[in-house]
S.K.: 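Take a look at this one; I'll ask things after.
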Amino acid sequence: MADVILLPGKEKRVWSGHPWVFRSDIARTKGEPQPGDTVRVTASNGRFLCMAAYNPRSQIALRVLSRKEEAIDEGFIRARVRRALDYRRSFADLRSCRLIFAESDGLPAVIVDAFGDVLVMQCLCLGMEQYKEPICDALMEEMHPAGIYERGDVPVRELEGLPQVTGTLRGTVPDRVLMEENGIQFYVDVKQGQKTGYFLDQKENRAAIAPFVKGGTVLDCFTHVGSFALHAAKYGAARATGVDISEFACGCARENAALNGFDNVDFIAANAFDFLKEQSSAGAQYDVVILDPPAFTKSRSSVEAAERGYKEINLRGMKLVKNGGYLVTCSCSQHMLPGQFKDVVLSAARDARVNLFQAEYRTQGRDHPILPAAPETQYLKCGIFRVDKD
């Protein structure tokens, strides 16, 4: 097995518990490691640091697999899968759950989501590609799904030297899967839908809106397939309106509403930015406004532009909230840290001339565990604020 030796001082990142080592932190290699190999990583003084998946083509050249000097084989991978599932068995519905969350579960760049009796996998780094089979084997043994589908249609795979791929890995997988979340049924398009087909990371946050929406009017912007709007309908909203730029997404949302027998929700295909502006100009008011946009930035270099986007929608959203109503505002931009996002929301509140009272400031669900040593793993922010206009 080859060794990868880090530059002096760069071992501190590994000692701190972070699961990544960047290409620029490497001094040299000993032996002839090939892209995708598992290697020993040592400090400049020769001290062992970790076992890692190696890919010099990627900016993240080393992804930590173990901080013990041990064999990384099929037995190791299966044990990691079992550990991930055992953690979630203590609190989660495993038929509506992220079963494996990459580095947080010690399986770098591997994502597995469960929707009903179908599992959807993404493998986004070269070093883990060789372990897809044992991962699938372990999942079949532990979960007994009807099938496992791969959603490797992600551009980041190409940066790893991997092709984009999709297809059935095990069993049989229909085009759409029926899933239940918080007592609400959803059709999930596992083959063509965004990411793995549905955003499970907001599951606990959707349940958290229950005390705030009962009897009120609710506006859900960037609704996708209607997730927040349908939760509002279930939790007793007088009327919920979902807005999404995609007519296809709105069609899926309407189908999900009909599936659950909700007649107190409707969906509008429109640009959310324009819709918020038009509603504000018309003097519309809602008891609750929910903002759950896609990521506004994929890199640190564009965070400033993302801040402007978040401020605009929050400013407009606040103006639409009735005095004493609630704003539920979210960001899934990894590069915008929780405190930074809150600062943007507060800046919008000053410009809107409202006072905010924080009811909750939440993050992703427990099935998306956070590594405190790796801030990147805490990507989701969800603030619930009462809006006071007096």
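Below, each value reflects all heavy atoms present in this structure, side chains not excepted, and no hydrogens, waters or symmetry copies.
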S.K.: Ignoring hydrogens and angles, tell me if any N or O in the side chain of Asp220 forms a donor-acceptor pair with the backbone of Gly242 under 3.5 Å.
M.R.: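 Answer holds: no.
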S.K.: Could you give the distance from CD (Glu142) to CZ (Arg78), rounded to the nearest 0.5 Å?
M.R.: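 The CZ atom of Arg78 is 9.5 Å from CD of Glu142, to the nearest 0.5 Å.
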S.K.: Is it the case that the side chain of Asn55 and the backbone of Glu160 share a donor-acceptor pair, with hydrogens and angles ignored and the cut-off at 3.5 Å?
M.R.: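 Yes, the answer is positive, given that a donor and an acceptor are paired below the 3.5 Å cut-off.
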S.K.: If only side-chain N and O atoms count, and only distance matters, is there a donor-acceptor pair under 3.5 Å linking Gln164 with Glu158?
M.R.: yes
S.K.: Under 4.0 Å between a Lys/Arg side-chain N and an Asp/Glu carboxylate O for Glu360 and Arg362?
M.R.: yes
S.K.: Is there a side chain to side chain donor-acceptor pair (under 3.5 Å) between Tyr87 and Asp367? Walk through the geometry before answering.
M.R.: CA-CA 9 Å; Tyr87 162 68; Asp367 57 346; over 6 Å; no
S.K.: I want to check a possible cation-pi pair here: Arg254 against Phe267, using under 6.0 Å from ring centre and within 45° of the ring axis as the test.
M.R.: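 Checked: cation-pi criterion not met.
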S.K.: Does the pair Glu312/Arg316 count as a salt bridge with the N-to-O cut at 4.0 Å?
M.R.: yes
S.K.: Thinking salt bridges, do Asp105 and Arg88 make one under a 4.0 Å N-O criterion?
M.R.: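 A salt bridge links Asp105 with Arg88.
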S.K.: Please say whether more than 12 non-hydrogen atoms of neighbouring residues, nucleotides or ligands are located less than 6.0 Å from CD in Gln59.
M.R.: no
S.K.: For the residue pair Val289 and Gly317, what are the closest heavy atoms and their distance?
M.R.: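 Nearest heavy atoms, Val289 then Gly317: CG2-O, 3.9 Å.
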S.K.: Are the side chains of Trp15 and Arg47 in touch, meaning some heavy atoms are under 4.5 Å apart?
M.R.: yes
S.K.: Look at the side chain of Lys342 and the backbone N and O of Lys381, then say whether any donor-acceptor pair between them is shorter than 3.5 Å.
M.R.: no
S.K.: Quick check: are there more than 12 heavy atoms from other residues, nucleotides or ligands sitting under 6.0 Å from CD of Glu376?
M.R.: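 Yes - once you tally the heavy atoms of other residues, nucleotides and ligands closer than 6.0 Å, there are more than 12.
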S.K.: Should the pair Phe212 and Tyr326 be assigned to parallel (<30°), tilted (30 to 60°) or perpendicular (>60°) ring geometry?
M.R.: tilted
S.K.: Where do Cys221 and Leu291 come nearest, in terms of heavy atoms and distance?
M.R.: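 Smallest heavy-atom distance, with atoms named: CB-CD2, 4.0 Å.
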S.K.: Any Lys/Arg nitrogen of Glu133 or Arg170 sitting under 4.0 Å from an Asp/Glu carboxylate oxygen of the other?
M.R.: yes
S.K.: Looking at Phe22, I'd like to know if its CZ atom is crowded, meaning that more than 12 non-hydrogen atoms belonging to other residues, nucleotides or ligands lie closer than 6.0 Å.
M.R.: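 Correct, the count exceeds 12.
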S.K.: Say whether, by atom type as modelled, one donor and one acceptor occur between the side chain of Asp244 and the main chain of Ser246 under 3.5 angstrom.
M.R.: yes
S.K.: So that I can tick it off, tell me whether Lys234 and Glu181 are bridged by a salt bridge, with the cut-off set at under 4.0 angstrom between side-chain N and carboxylate O.
M.R.: no
S.K.: Taking Gly36's backbone N and O only, do any of them form a donor-acceptor pair with Gln130's side chain (distance below 3.5 Å, no angle check)?
M.R.: yes
S.K.: Please determine if Asp113 and Lys195 form a salt bridge, counting it only when a charged side-chain N lies under 4.0 Å from a carboxylate O.
M.R.: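 A salt bridge is absent here (no side-chain N lies under 4.0 Å from a carboxylate O).
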S.K.: Any chance the side chains of Gln340 and Glu307 put a donor and an acceptor closer than 3.5 Å?
M.R.: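 Gln340 vs Glu307: donor-acceptor pair found between side chains.
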S.K.: What donor-acceptor contacts under 3.5 angstrom involve side-chain atoms of residues 1-12, with partners at least two apart or in another chain?
M.R.:
residue, atom, partner, partner atom, Å
Asp3, OD1, Arg40, NH1, 2.9
Asp3, OD2, Arg40, NH1, 2.8
Glu11, OE1, Gly9, N, 3.0

S.K.: For the CG atom of Leu259 and the SG atom of Cys252, what is their distance to the nearest 0.5 Å?
M.R.: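 Leu259 CG to Cys252 SG: 12.0 Å, rounded to 0.5 Å.
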S.K.: Could you report the tightest heavy-atom contact between Val218 and Ala237, atom names first, then the distance?
M.R.: CG2-CB, 3.9 Å
S.K.: Checking side-chain polar atoms at under 3.5 Å, does Ser58 have a donor or acceptor matched by the opposite partner on Arg23?
M.R.: no
S.K.: With rounding to the nearest 0.5 Å, note down the distance linking CE in Met179 to SG in Cys97.
M.R.: 11.0 Å
S.K.: Under 30°, 30 to 60°, or over 60°: which ring-plane class applies to Tyr198 and Phe115, parallel, tilted or perpendicular?
M.R.: perpendicular
S.K.: So, does Arg157 use its side chain to make a donor-acceptor pair with the main chain of Leu162 at under 3.5 Å?
M.R.: no
S.K.: Glu150 side chain to Met121 main-chain N or O, any donor-acceptor pair under 3.5 Å?
M.R.: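 Answer holds: no.
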S.K.: Would you give the length of the straight line joining atom CG of Asp287 to atom CG of Leu320, rounded to the nearest 0.5 angstrom?
M.R.: 12.0 Å
S.K.: Members other than Leu159 in its cluster, when Ile, Leu, Val, Met, Phe, Trp, Tyr link by side-chain heavy atoms under 4.5 Å?
M.R.: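 Its cluster mates, by chain and number, are Leu124, Val154, Val156.
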S.K.: Parallel, tilted or perpendicular: which fits the ring planes of Phe341 and Tyr310, with parallel below 30° and perpendicular above 60°?
M.R.: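 Plane angle over 60°, so perpendicular.
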S.K.: I'd like to know if Glu103 pairs up with Arg63 as an ion pair, taking the criterion as any Lys NZ or Arg NE/NH1/NH2 lying under 4.0 Å from an Asp or Glu carboxylate oxygen.
M.R.: yes
S.K.: Any side-chain to backbone donor/acceptor pair from Asn256 onto Val225? Under 3.5 Å, distance only.
M.R.: yes
S.K.: Looking only at non-hydrogen atoms, find the nearest pair between Val64 and Pro108 and report the distance.
M.R.: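 Nearest heavy atoms, Val64 then Pro108: O-CG, 3.5 Å.
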S.K.: Measure from the side-chain N and O atoms of Glu69 to the backbone N and O of Cys50, and report whether any donor-acceptor pair falls under 3.5 Å.
M.R.: no
S.K.: For Glu255, is there an ion pair with Arg176 - N to carboxylate O distance below 4.0 angstrom?
M.R.: yes
S.K.: Please answer whether the main-chain N or O of Lys277 pairs with a side-chain N or O of Ser280 as donor and acceptor at a distance below 3.5 Å.
M.R.: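 Checked: no pair found.
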S.K.: Would you call Asp86 and Arg83 a salt bridge, using N to O less than 4.0 angstrom?
M.R.: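 Answer for the salt bridge query: no.
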S.K.: Run the numbers on Thr38 and Tyr54 for side-chain contact (heavy atoms from CB on, under 4.5 Å), then give the verdict.
M.R.: CA-CA 6 Å; Thr38 298; Tyr54 174 66; over 6 Å; no
S.K.: For Asn355 and Asp390, which heavy atoms make the closest approach, and how far apart are they?
M.R.: ND2-O, 4.2 Å
S.K.: Looking just at side-chain N and O atoms, do Asn205 and Gln202 make a donor-acceptor pair shorter than 3.5 Å?
M.R.: yes
S.K.: Run the salt-bridge test on Asp175 and Lys191 with the 4.0 Å N-O cut-off and return the result as yes or no.
M.R.: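 Yes.
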S.K.: Applying side chain to side chain donor-acceptor pair (under 3.5 Å), run through Tyr286 and Gln279 and close with a yes or a no.
M.R.: CA-CA 10 Å; Tyr286 297 86; Gln279 290 284 286; 2.4 Å; yes
S.K.: Are Thr166 and Asp153 linked by a side-chain donor-acceptor pair shorter than 3.5 Å?
M.R.: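 No, because no side-chain N or O of Thr166 sits under 3.5 Å from a partner of the opposite role on Asp153.
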S.K.: Heavy atoms only: give me the nearest Leu65-Ala53 pair and the separation to one decimal.
M.R.: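 Shortest heavy-atom separation between Leu65 and Ala53 comes out as CD1-N, 3.7 Å.
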S.K.: Can you tell me how far apart SG (Cys136) and CD1 (Ile77) are? Round to the nearest 0.5 Å.
M.R.: 12.0 Å
S.K.: Show your working on side-chain contact (heavy atoms from CB on, under 4.5 Å) between His335 and Phe296 and close with a plain yes or no.
M.R.: CA-CA 10 Å; His335 297 288; Phe296 285 171; over 6 Å; no
S.K.: With a 4.0 Å cut-off, would you call Asp351 and Lys311 a salt bridge?
M.R.: yes
S.K.: State the CG-OH distance between Asp137 and Tyr131, to the nearest 0.5 angstrom.
M.R.: 14.0 Å
